[in-house]
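To keep things clear, I will list the structure first and then write my remarks on it.
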Amino acid sequence: MSFVEYSEFIQEGDVAIIFLGHDSMMPIKVQQGAQTQTRYGVIRHSKDLIGQRFGTKVTCSKGGWVYVLHPTPELWTLNLPHRTQILYTTDIANITMMLELKPGSVVCESGTGSGSLSHAILRTIAPTGHLHTVEFHQQRAEKAAEEFREHRVGHLVTVRNQDVCKEGFGVTGVADAVFLDIPSPWEAIQHAKSAMKKQGGRVCSFSPCIEQVQKTCEALAGQGFEEISTVEVLLRVHEVRSITLPLPDFGPDKPLETPTDTRIPSNASVLCKTTTPPREMAGHTGYLTFATKPRIHCLFYLQFVYFGLIMWI
Amino acid sequence: MADNEDDDSQQRVNEGDYVVLKRGDIYKAVQIQKKKKTVFEKQWFFLDNAVGELYGTTFEVVSGGTLQPRKPKHVEHAADAKEAGTDNRHILDDGKSQKLTRDDIETLKEQGLKGQEIVQQLIENSTTFRDKTEFAQEKYIKKKKKKYENSVMVLRPSCRILAMMYHGREPGKICHLRYDTLAQMLTLGNIHAGSKVLVFETCAGLVLGAVMERMGGYGSVVQMYPGGGPVRAGVESFGFPPHFNETLHEFPIQHVNALLAGTLDTDAKDIDADGLQANGEKSDPTSPKKAENKKESPDAEDQNMETNSSENSAAEKEAQEREKRREIRGQEKKVRMEEKRKKLAAAAVLLQGRNADGLVIASRFHPCPVLLGLIKFLAPSRPFVVYSQYKEPLIECYTKLREQGGAVSLRLTDSWIRHYQVLPNRTHPVLLMSGGGGYLLSGTTVTTDTPKVNTEPTSVEEPAAKRVKLEEETE
C-alpha cells in the first residue's frame, strides 16, 4: 500500500480505511496482533486483515460487517486527524487542475497544515515530481513528515519548518506550481515568484476572506503575474430518495348511485424516485485565486545577468 | 547562474506542435503548420513566425496576416490621472458621444494602427470620456481594448486550457461537461501514474486526454468505444509525446459481453477487430477476395504469355498492374487487420483480469447500462466516476447499484463555480454565471461475495448487525 500506488493485499504497516456504513469511516494502521474496536465488534488485524484483499468484507466479533478500503488521498481527506482547518476534495480537485499538476511536477506549498492537500498533490505528481512544503508550526511540521513516511510517500516530499513569508520555500527556480494557504499570502508572493521556474508556472492562493483576496491580487499584479483569476467552487450533494406523495381526494367524479363502493380509496399515492438536497450544505470554504507567472524573457534575463556581473566586478 | 540555452529548445514552438491560441478568454487549439492560414477571432494569419519563439509569447497580428512578437514588458500605465467626473448624473447616453464613425475606425485599422493606438483615438474623440468617473473610464478602456485588440498568445496545451476551450466554444461536443466538473472527475477517480484506467467517453477525446495527462505516460488507459472506432480528435490537441501512445489501448464495447463470458477468441483471424459490423468492411469477405486476386494474376500472366499481339499488350499490362496494385492493397489490408487484431488481443488481456484501477464514464449514452457493464472490470476498493449532463439517468444508476451491491460511498453531486472581479472598491462576483456543469455519480467498488452472517441482500452500505442498534439516518 502507498498513497501513490495501489496494491491488492493488506500488509502489516499499511494504512487502511474501515468503511462502517453511510458516510461513516475510520482510518487504521494495520499491525500484527492489534485489534480495532468498532460499533459492530472487534476486528483482529492478524486474522481479519493481513493477507486479505482490499475491498473485502470483514466480519466483526459482534456479527456485523465492515469493508476495508485501500487508502486514497480523497478518503484520507475525509478521515485524517484535523490539526487545522483542512481543504476538501472539491477545492483540491480544482486546484489540481488549475495548477496543471501532473506526474513530474515540482510544487511548493505553504502551509502544510494537516496534510490534506499535500497527499493529493503527492498522488498527482508521483513518481517523478517533488513537493516542497513549508509549515511554520513545529509540531505540525513534524507530524506531517511522520505521516508522509508512514504513507510511503516520504521520498516525494520535503517538509521545512520555517516562515514562508520571511524565508520563502527553501528552493528557487524549481517549481512548476506554488500553492498558498496562509493568513497573509501577499507577503509570500515574491517568494513564490522566486521559487518558480524561470520558464513560468502557476500559482494559487486560497483565502477565506475577500480582503485577503484583494491584497493578494494586488500583490500578484505588482509582481508581474498574468491571467489573475478568482473563483469559488461549491459542491452540491443530491441525496437519492424514493418518496411517496399522497393523492388528494376531490370526491367522486360522478354523483354516487349507490352509497357504497364506487369511491376511490382515499389513501392513493404515487411513488417518485428523486433527489433532495441535504438540510444544510457547505456554503463557503474560501476563494481560490490563480495566476500565471510569465516566462522571464531571455533578453530580459540576460540584461539582469549583465547587470549582476557588472555589479560583481 | 542558469543558462537558458538547454531549456529553451523545449520552451520554444516547433513546427508541427499542437498549441492553443489565446486572446482574452477565447481559446483555439491549432497545429503549427507553415504557410497555412489560420482563422482566429475573425482574423486570418499565418503561424510561421511563431516557430522558434517561446511558448507564452504574445504576438500582434500585422497587416498581411503575419505575427510579430510583442515586446515583453508592455506595461500600460492606464491611469493618466487627468480629468474624471464624480458620477453620471449629467451624462446622456444618446449614442452621439463618439465622434469617430465606423468608417473612420476602419481607415485607422487599414493604416496599420495598433490596437492601443485606436483606443487612444477613441478616447480623444469621445465627448463624454472626461466626465466619466475614474472607474467608468477604466471600464471603457478595458472594453475598447478587448474589441480592438490584435494580440494572440501562443500557449502550450494543458487539460485546464483545453477544458475551458471546449466548454466555451463547443460544449455540445463534450456533453456540456464544465471544466470544474472534469476536475472533480479526475480527482475523485484517483487518476494517477501507474494505474490502469478504463475510459468510456463521447467528449471528443477531451476526457481521455485529461486522464492521459494525469497518468503522465505511466500505466495504461483502455478506451472503451462504441461503434466503428475510437474518437480521439481531442487527444491530439494535448500534444503528448509519442511514447504516451504506447499506454493507450482501445476496446470495442460490442465484445464486452463475450470477454466477460470468456468466449472472446482474439486469436481468430476473422475477428471483427474494428467493431464494424454490416458495412462491407468485414474481415471475412476480404479473404476470398484475396484468393480471387491471387488466382486472377497468374491467369492474367498466362494470358499475357499466350497472346503476342501488340495491340492488346498495353491494355493487358494495365490490367496486370491493376491486379498488382490490388494485391498490394490486399496485403496492406491484411497487415492492418492483423495489427488491429493484435491490439484487440492486448486490450483484452488488460481487461480480462478484472483488476482495473479506475473507471471514468462521460458520454451521451445512458450511463446506467454502461456503468453496470464496465464496473465488472474493476478490482475491489477502486473508484469510479460517471458523468451525465442530466440528473435522472444517474438516479437510476444509483438505485441499480444499491440494489445489486458491489459499491459503497455512492454520491450524486454537481459542482457550482463562480468567478469574481477583484478590483479596488469594485470587488464582486461576475455578473454572468454558468448555469450548470453536469452531474457526477461517484463511488468505490467492493467485493460482491455473499455475506456469511447476514441473510438479507439489501443495502450494502448499512451493515445491519442484528444485535446492535442501527443509527438513524439524520439529515
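Residue numbers begin at 1 in each chain, while the letters A, B, ... track the order of the sequences.
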Quiz question: by atom type and distance under 3.5 Å, do the side chains of [X] and [Y] form a donor-acceptor pair?
X      : Y      : value
A/Q214 : B/T427 : yes
A/S24  : A/R39  : yes
B/K196 : B/S220 : no

Heavy-atom pair count under 4.5 Å with chain B, highest-scoring of A/T275, A/L288, A/T72: A/T275
Do [X] and [Y] have side chains that get closer than 4.5 Å, going by heavy atoms?
X      : Y      : value
B/L177 : B/H167 : no
B/P380 : A/F54  : no
A/Y67  : B/T445 : no

Could B/K400 and B/E396 be called an ion pair, given the rule that one side-chain N must be under 4.0 Å from one carboxylate O? yes
Salt-bridge criterion met for A/D176 and A/R202 (N-O under 4.0 Å): no
At their closest point, which heavy atom of A/P73 faces which heavy atom of A/R123, and how far apart are they? CG-CB, 3.6 Å
Could you tell me which portion of [X] (side chain, backbone, both or neither) has an atom closer than 4.5 angstrom to a non-hydrogen atom of chain B?
X      : result
A/T128 : side chain
A/R53  : side chain
A/S229 : side chain
A/I210 : side chain
A/E227 : side chain

Chain A interface, residue from [options] that has the most non-hydrogen pairs under 4.5 Å:
options                        : result
B/R382, B/R411, B/K22          : B/R382
B/D357, B/T413, B/D414, B/I417 : B/D414
B/D25, B/D180, B/T444          : B/D180
B/Q421, B/E213, B/Q184         : B/Q184

Can you name the side chain to side chain contact (heavy atoms under 4.5 Å, CB included) partners of A/P185, sequence neighbours left out? A/L180, A/I182, A/S205, A/S207, A/T216
Please list, chain by chain and in numerical order, all residues satisfying side chain to side chain contact (heavy atoms under 4.5 Å, CB included) with A/L156, sequence neighbours excluded. A/V4, A/L122, A/A126
Can you name the residues that form a ring-ring contact (aromatic ring centres under 6.0 Å, His included) with B/Y55, not counting sequence neighbours? none
If you check every heavy atom in residues 90-103 of chain A against those of chain B, which residues fall under 4.5 Å? A/T90, A/A93, A/N94, A/T96, A/M97, A/M98, A/E100, A/L101, A/K102, A/P103
Chain A contact via [X] - side chain, backbone, both or neither, heavy atoms under 4.5 Å:
X      : answer
B/M185 : neither
B/Y439 : side chain
B/L394 : neither
B/L423 : backbone
B/M153 : side chain

Can A/V68 and A/Q52 be said to form a side chain to side chain contact (heavy atoms under 4.5 Å, CB included), step by step? CA-CA 9 Å; A/V68 190; A/Q52 297 294 327; over 6 Å; no
